[in-house]
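So the structure is just underneath, and the comments pick up after that.
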There are 2 protein chains.
Amino acid sequence: MSVDVGQVFAALSDPHRRHLLETLGDHPHGATATTLALPLPVSRQAVDRHLRVLERAGLVSSARRGRETLFAVRPEQLTRSAAWLTDLGKRWDRRLERLKNTAESGGTP
Amino acid sequence: MSVDVGQVFAALSDPHRRHLLETLGDHPHGATATTLALPLPVSRQAVDRHLRVLERAGLVSSARRGRETLFAVRPEQLTRSAAWLTDLGKRWDRRLERLKNTAESGGTP
DNA sequence: TCGACGTGCAACGCGATGGTTGCACGTCCC
DNA sequence: GGGACGTGCAACCATCGCGTTGCACGTCGA
């Protein structure tokens, strides 16, 4: 909770962050920023900042273990955002359905 | 089709654009940028650019009628993005479920 | 036809964002 | 304890996105 859908969408708008999320899905135990940055053409700090953005959006969680920080996915926020999207879609469909019925029952003047 | 989910999420990340989408839902016949900008504290051009972004993301459609341009919602892309989100969520859940089972059946070495 | 209205495009300023590098702190291993 | 490793933070620069204004073009109505 307490996280705006806007932050989630902003986090998901970046291709690098989406890639990080996909990769993190393959590491359910969690992965460090250094490990994730290894095959990428960007620096460790950049990946770290991306992970911070994802964390602020509630999409990943960070847990420090010893001298390394493990990041792991957190499905709840993603589910919430998906629900937001489907809700908006449903409202649209309902409006369009009403419009269609109105048109059939007599009136687009 | 041919629209990236990144564009959709980037479009949805802005509060003004989300508000425009909500408002457009109340005008199934379509609305002009000037009309939409009236109650807002931003200029008509700003609203127009927001609508262009939404159009590029495939979330709204523009149709010129005479000297005015009507914008209307287009639910398909929104449905697609919602599906993308739920799919990613499902994959995560599946991974986490597997992890849980693995842990129970004996092994986190 | 001519004035009025509405739109689209270009140029500009400003703040946010993404990327880099360098350095200080905490933690593991010998 | 001491060196090595990994992380977090700050400063700096380039780029992008948002908002503004001004102007030219197309379209409606008298």
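Chain identifiers are assigned alphabetically (A, B, ...) following the order of the sequence lines, protein sequences preceding nucleic acid strands; residue numbering begins at 1 within each chain.
- The CG atom of B:Leu12 sits 16 Å away from the C1' atom of D:dG17 (whole-angstrom rounding).
- Rounded to an integer number of Å, the gap from B:Leu20 CG to D:dC18 C1' is 13 Å.
- Counting only heavy atoms from C-beta outward, the side chains of A:Leu36 and A:Leu24 approach each other to under 4.5 Å.
- The residue from A:Arg17, A:His19, A:Gln45 that alone fulfils the side chain to side chain donor-acceptor pair (under 3.5 Å) condition with A:His50 is A:Arg17.
- Spacing between atom CG of B:Leu40 and atom C1' of D:dC18 amounts to 14 Å, rounded to whole angstrom units.
- A:Leu21 and A:Val42 end up in the same hydrophobic cluster when Ile, Leu, Val, Met, Phe, Trp and Tyr side chains are linked at under 4.5 Å.
- Regarding contacts with the backbone of C:dT27, every side-chain N or O of A:Arg64 stays at 4.0 angstrom or more from both OP1 and OP2.
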In B/S/- notation, 5' to 3', how is nucleotides 13-25 of chain C contacted by protein heavy atoms closer than 4.0 Å? -----BBBBB---
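- Electrostatic pairing of B:Asp48 and B:Arg44 does not count as a salt bridge here, judged by no charged N lying under 4.0 Å from a carboxylate O.
- OP1 or OP2 of D:dG8 lies within a sub-4.0 Å distance of a side-chain N or O belonging to A:Thr69.
- Side-chain contact between B:Glu22 and A:Arg91 is present, with at least one heavy-atom pair separated by less than 4.5 Å.
- Under the 4.5 Å side-chain contact rule for hydrophobic residues, B:Phe9 and A:Val53 do not share a cluster.
- Atom P of nucleotide D:dC9 and atom CG of A:Asp48 are separated by 8 Å, given to the nearest angstrom.
- A heavy-atom distance below 4.5 Å is not found between the side chains of B:Glu55 and B:Arg74.
- Rounded to whole Å, atom P of C:dC29 lies 10 Å from atom CD of A:Glu68.
- The shortest non-hydrogen separation linking A:Ala82 to A:Thr86 is O-OG1, 2.6 Å.
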Close N or O pairs between protein and nucleotides 28-30 of chain D (under 3.5 Å):
none

